[in-house]
Amino acid sequence: MPSLPSARHVHRVHLDDVSAASLDRQWVHIVNNGLGEPIRVPVVVVRGAEDGPILGLTAAVHGNELNGLAVLQRLIEEVDPAQMRGTIVMALAVNVPGVLLGQRGFNDGADLNRTAPGKPSGTSAEIYIHRVIDRIVSRVELLIDLHTASMGRVNSFYVRANMHNPRAARLARLQNPDIIVHNPPGDTTLRGAASAMGIPSVTAELRDPNKFQADVIAEELLGLRNVLVDLGMIEGRIADGVQQTILCDGSGWMYTDEGGILEVLPQVTQRVRAGETIARVRTIFGDITREWTAPAEAVVVGRSVNPINQTGSRIVHLGWNPRPMPPNGLPA
Ligand SMILES: [Zn+2]
């Protein structure tokens, strides 16, 4: 094996002292663990030959949502800093304790993507996400935060974006997802916190948790390449996706009001009509006790794959008013 390039230890992401046309590996110290040892987020900074936009890419804010990590590793492999303009800042695994535990949440049980922007002093999760934002995310000009569905559920490849923000809308479209859900970011997500700082941000949901999925990894890589081309950071032309993107005005989860053995009928990306049966629940003996129908025409953004359903479980994530988005010539 050749000797591996070393990664330096830093207290906030370094951009200015990264040489032009180079790739720099950094361990960014965020907090200390209970033994007094640093917990560090692995970051790769790719600085192009010329100055230009600073694009931020974050993965695994939820520790078991791993497809984004594979996307970023592939991007590191293929990007040539000498042929690039601007800077890419990739946080490969934001929720380091969660990744190590194979779990969505932080190691105090909190959800980092419901805790942003956090606080300079507060709970472990509040301090952690606050420092991630301060030490890494605040340095970027645009952000794409990479997620997947959570345990027991599967997602389409979809992007949540404020489609009223032209720059966020463009980031969303360029990724050629199956579905774009218009969703204003006024919330406690990383996207919300970055948007509040004036950083146009979108969340990309890359299918399913706890694994690497080659199809969606390749699709998102193509989408990120489109973003880099559109920002003038690399040469090339903007490619259309495999399928036409469906745009929705909003979305929502349906929940069960009766527990039992759950069967969800439509698959992700499938269209459903108002009144169509989309799920049913049986007793343990197999008798159907309840059926649910779609309240309106919709597209299935995500769905439960866990048949064991206590009353109040999630059934299906529906996108409202679905319609085709014109293919990606841009602008719309
Ligand atoms: Zn997530």
Side-chain angles (χ1 to χ4, degrees), residues 30 41-42 56-73 90-118 125-126 128-129 132-133 136-137 143-162 168 171-172 175 177-195 199 201-213 216-217 219-220 223-224 248 250-253 268 300-306 313-314 316-319:
I30 304 297
V41 168
L57 304 170
T58 45
V61 171
H62 290 138
N64 64 341
E65 302 185 1
L66 302 176
N67 278 325
L69 166 60
V71 169
L72 298 186
Q73 289 193 335
M90 301 181 222
L92 301 165
V94 170
N95 178 1
V96 170
V99 170
L100 294 175
L101 292 165
Q103 70 183 30
R104 172 187 174 89
F106 195 59
N107 61 358
D108 67 354
D111 184 333
L112 290 178
N113 213 34
R114 304 287 181 275
T115 307
E126 285 169 341
Y128 189 88
I129 195 66
V132 165
I133 291 169
I136 303 170
V137 175
L143 178 70
I144 302 176
D145 187 27
L146 305 173
H147 285 254
T148 73
S150 51
M151 242 350 215
R153 305 199 271 272
V154 294
N155 274 347
S156 55
F157 169 25
Y158 82 97
V159 171
R160 275 199 301 275
N162 178 8
L171 284 180
Q175 288 173 82
D178 297 328
I179 301 167
I180 294 173
V181 175
H182 166 62
N183 173 243
D187 56 19
T188 52
T189 62
L190 183 57
R191 175 174 72 107
S195 302
I199 301 168
S201 305
V202 303
T203 303
E205 294 280 349
L206 309 176
R207 298 206 218 284
D208 313 335
N210 299 94
K211 53 183 157 187
F212 283 172
Q213 292 169 291
V216 75
I217 290 165
E219 286 174 58
E220 176 64 5
L224 292 182
C248 301
S251 69
W253 277 95
V268 293
V300 176
V301 177
R303 68 189 285 272
S304 170
V305 288
N306 181 6
S313 300
R314 291 174 193 238
V316 69
H317 182 195
L318 294 176

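Just so you know, ligand 1 is whichever comes first in the structure, and atom 1 is the first atom listed for that ligand.
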Problem set entry | Closest His62 atom to the Zn ion (ligand 1) [N, O or S only] |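 Looking only at N, O and S atoms of His62, the one nearest the Zn ion (ligand 1) is named ND1.
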Problem set entry | the Zn ion (ligand 1) - name of the N/O/S atom of His147 that sits closest to it |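 Of all N, O or S atoms belonging to His147, ND1 is the one nearest the Zn ion (ligand 1).
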Problem set entry | Residue Glu65, metal the Zn ion (ligand 1), N/O/S under 2.8 Å |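 An N, O or S atom of Glu65 is closer than 2.8 Å to the Zn ion (ligand 1), so yes.
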Exercise. What class does the angle between the rings of Trp253 and His317 fall in, given that below 30° is parallel, 30 to 60° is tilted and above 60° is perpendicular?
Worked result: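 Geometry flag for His317 against Trp253: parallel rings.
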Exercise. Does any N or O in the side chain of Thr115 come within less than 3.5 Å of the main-chain N or O of Glu126, such that one atom is a donor and the other an acceptor?
Worked result: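 Checked: no pair found.
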Exercise. What pair of heavy atoms forms the shortest contact from Asn162 to Arg191, and how long is it?
Worked result: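 Between these two residues, the closest heavy atoms are N-NH1, 3.7 Å.
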Exercise. Taking 4.0 angstrom as the limit, do Arg160 and Asp145 come out as a salt bridge?
Worked result: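 The answer is no: the pair does not qualify as a salt bridge.
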